[in-house]
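Given the structure is predicted, the values throughout are model-derived calculations rather than measurements.
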Amino acid sequence: MNNGNNMETIFLDDYLKDGILIEKVFREKVNTIDWSIYKNKKILIKGCASAPIPTWAYMILTARLTQYAKYISYGEPCSAFEIYKSK
């Protein structure tokens, strides 16, 4: 995770094991994160990874983040699109 341009970035490469995304390992890592660190923050889920990322992985991250984040976007910093905005 990296903080740049006043936005936290989640890199899905951080969830890979031996270069692939394994659901069991992914879910274990997700369950260990203190999601409250994202409270009222803008989050970018980086769109590119070094391995194919299934849609369910993005959905799991987004579901966790919507409980805390102010704004969630997906893609690259220069062309990200909004997937969630708190009211």
Can you check whether F26 reaches L61 side chain to side chain, under 4.5 Å on heavy atoms?
yes

Please check this pair: side chain of W35 against backbone of V30, looking for a donor-acceptor N/O pair closer than 3.5 Å.
yes

Applying salt bridge (Lys or Arg N to Asp or Glu O under 4.0 Å), run through E76 and K46 and close with a yes or a no.
CA-CA 6 Å; E76 299 298 316; K46 190 150 182 334; 3.0 Å; yes

Check whether any side-chain heavy atom of L44 sits under 4.5 Å from a side-chain heavy atom of I72, and report yes or no.
no

Are R64 and N31 packed together at the side-chain level, in the sense that at least one heavy-atom pair is separated by less than 4.5 angstrom?
yes

Check for me, please, whether M59 and I10 land in the same ILVMFWY cluster - side-chain distances under 4.5 Å, paths through other members count.
no

Stepwise, does the side chain to side chain contact (heavy atoms under 4.5 Å, CB included) test hold for I45 with L65?
CA-CA 10 Å; I45 301 173; L65 287 166; 4.0 Å; yes

Would you indicate whether the side-chain heavy atoms of M7 and Y71 approach each other to under 4.5 Å?
yes

Which atom pairs, donor and acceptor, lie under 3.5 Å between side-chain atoms of residues 77-87 and protein residues at least two apart or in another chain?
{"unit_1": "Y84", "atom_1": "OH", "unit_2": "T66", "atom_2": "O", "d": "3.3"}
{"unit_1": "S86", "atom_1": "OG", "unit_2": "K70", "atom_2": "O", "d": "3.3"}

If the condition is side chain to side chain contact (heavy atoms under 4.5 Å, CB included), which residues does V25 pass it with, not counting sequence neighbours?
K17, I22, K29

Can you find a pair of side-chain heavy atoms, one from I43 and one from S73, that are under 4.5 Å apart?
no

Any side-chain heavy-atom pair of I53 and Y15 under 4.5 Å:
no

Tell me every residue that passes side chain to side chain contact (heavy atoms under 4.5 Å, CB included) with D34, counting only those two or more places apart in sequence or in another chain.
S36, I37

Can the ring centroids of Y38 and Y68 be said to lie less than 6.0 angstrom from one another?
no

In terms of hydrophobic clusters joined by side-chain contacts under 4.5 Å, are I20 and L12 together?
no

